[in-house]
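Below is one structure, written out as structure tokens; the observations come after it.
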Amino acid sequence: MSIETRAFLRDRARTEDLIAAATDCGPAAWSHAHLARLYRARCIDTVGEAAACRDCDMQADCRTLISAG
């Protein structure tokens with residue numbers, strides 16, 4: 001079984017965001033956007049300290065998730 005790394009989770013979130021933006025179907029777009037949020041939340045859970053996120057380009061999305069949670 002593979003271990004989820006922050007890089008893997010960030011890449012999956014980006015991929016789901018791109019798919020959501022490219023789809024014409026509303027329910028499918030919502031589903032992919034939701035998956036992206038879940039991957040970001042999982043990424044947040046893997047971070048032990050804020051310094052680990054210093055160079056991440058998804059910080060704005062993460063802050064949105066953290067403040068909503």
Report the residues that fulfil side-chain contact (heavy atoms from CB on, under 4.5 Å) with Ile19, sequence neighbours left out, ordered by chain and then residue number. Thr15, Glu16, His32
Partners of Ala21 by side-chain contact (heavy atoms from CB on, under 4.5 Å), sequence neighbours excluded?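 Counting only residues at least two positions away or on another chain, Ala21 forms no side-chain contact (heavy atoms from CB on, under 4.5 Å).
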Restricting to non-hydrogen atoms, name the atom on Ala20 and the atom on Ala33 that form the minimum distance, rounded to 0.1 Å.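 Of all heavy-atom pairs spanning Ala20 and Ala33, the closest is CB-N, 3.8 Å.
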So the side chain to side chain donor-acceptor pair (under 3.5 Å) pairs with at least one residue in residues 19-31 (sequence neighbours excluded) are none
Can a donor-acceptor pair be found, under 3.5 Å and without considering hydrogens, that links the side chain of Arg12 to the backbone of Phe8?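 No: the side chain of Arg12 does not pair with the backbone of Phe8.
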Quick one: do Asp17 and Arg14 make a salt bridge, cutoff under 4.0 Å? no
